[in-house]
Amino acid sequence: MQSDFFQRAYKVVQQIPPGKVTSYGAIARYLGAVKSARMVGWAMNASHSQPDIIPAHRVVNRNGMLTGKNFFGGSTIMQELLENEGLIIEDDKILNFKENFWDPMDELLKL
DNA sequence: AACTTGACGGTCA
DNA sequence: ATGACCGCCAAGT
């Protein structure tokens, strides 16, 4: 176990519905995190060794840019995964990002 | 123990 | 609108 922060971040990412995306900062804020959005990215980095499947491809930066695509082993893997879910990626950025944006807080309100 | 790097984000110039 | 800098916090070297 890395830290509660990591575990919570993973859970949030796993709860992201298909065809939706969120940002590192959104997760960090949801966790109430005093930590910075960078920590979320760090958690994703650790997700590689995590037994659980973390759809990190649904997590992008606040610009909707696939900043971590380079970490998916391939190069366009992340983009194809997102497109496979109905999202449209162009120039490594998500189109209609705002419309496809899913905030963990939204789920919290529903609960 | 100290310095550098990093899947970010916001503000300033 | 674009570019640069600072702040956050942990891990790697």
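Predicted model only: the values in this text are computed from it and were never measured. Every chain is numbered from 1, with letters handed out A, B, ... down the list of sequences.
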Separation of [N] [atom2] from [X] [atom1] (nearest whole Å):
X	N	atom1	atom2	result
A:Ile27	B:dG9	CD1	C1'	14 Å
A:Arg29	B:dG10	CZ	C1'	12 Å
A:Met65	C:dT2	CE	C1'	14 Å
A:Tyr24	B:dG10	OH	P	14 Å
A:Asn63	C:dG3	CG	P	12 Å

DNA chain B: A:Ser23 or A:Trp42, which has the more 5' nearest nucleotide?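 Checking each residue's closest nucleotide, the 5'-ward one belongs to A:Trp42.
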
Along DNA chain B (nearest heavy atom to each residue), the more 5'-positioned of A:Met39 and A:Asn61: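 Looking at the nearest nucleotide for each, A:Met39 comes out on the 5' side.
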
Consider side-chain contact (heavy atoms from CB on, under 4.5 Å). Of A:Thr67, A:Thr22, A:Ile94, which one does A:Val60 pass it with?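 Among the candidates, only A:Ile94 passes.
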
Could you check whether A:Ala56 gets within reach of a base, just the sugar-phosphate, or nothing at all, counting any heavy atom under 4.0 Å?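 If one applies the 4.0 Å heavy-atom cut-off, A:Ala56 turns out to touch a base.
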
DNA chain B-proximal residues of residues 85-95 of chain A, any heavy atom under 4.0 Å: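 Contacting residues: none.
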
Just how far is it from atom CD of A:Glu85 to atom CG of A:Asn100, taken to the nearest 0.5 Å?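 Atom-to-atom, A:Glu85:CD and A:Asn100:CG are 10.5 Å apart.
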
Taking the side chain as every heavy atom from C-beta outward, state whether A:Asn63 and A:Phe97 have any pair of such atoms under 4.5 Å apart.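 Not in contact.
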
Would you check if A:Val21 and A:Leu82 make a side-chain contact, meaning some heavy-atom pair closer than 4.5 Å?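 Yes, at least one pair of side-chain atoms sits under 4.5 Å.
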
Main-chain N/O of [Y] paired to [X] side chain as donor or acceptor, under 3.5 Å:
X	Y	answer
A:Lys69	A:His57	no
A:Asn84	A:Glu80	no
A:Tyr24	A:Trp42	no

Taking every non-hydrogen atom, the tightest pair across A:Asp103 and A:Ala26: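 That closest heavy-atom pairing would be OD2-CB, 4.0 Å.
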
For A:Ala37 and A:Ala28, work out which heavy atoms get closest and say how close.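 Minimum heavy-atom contact is CA-CB, 4.1 Å.
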
Under 3.5 Å for both pairing distances: what stems, at least three Watson-Crick or G-U pairs long, include DNA chain C?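 Output for stems: B:2-6 with C:9-13, B:8-13 with C:2-7.
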
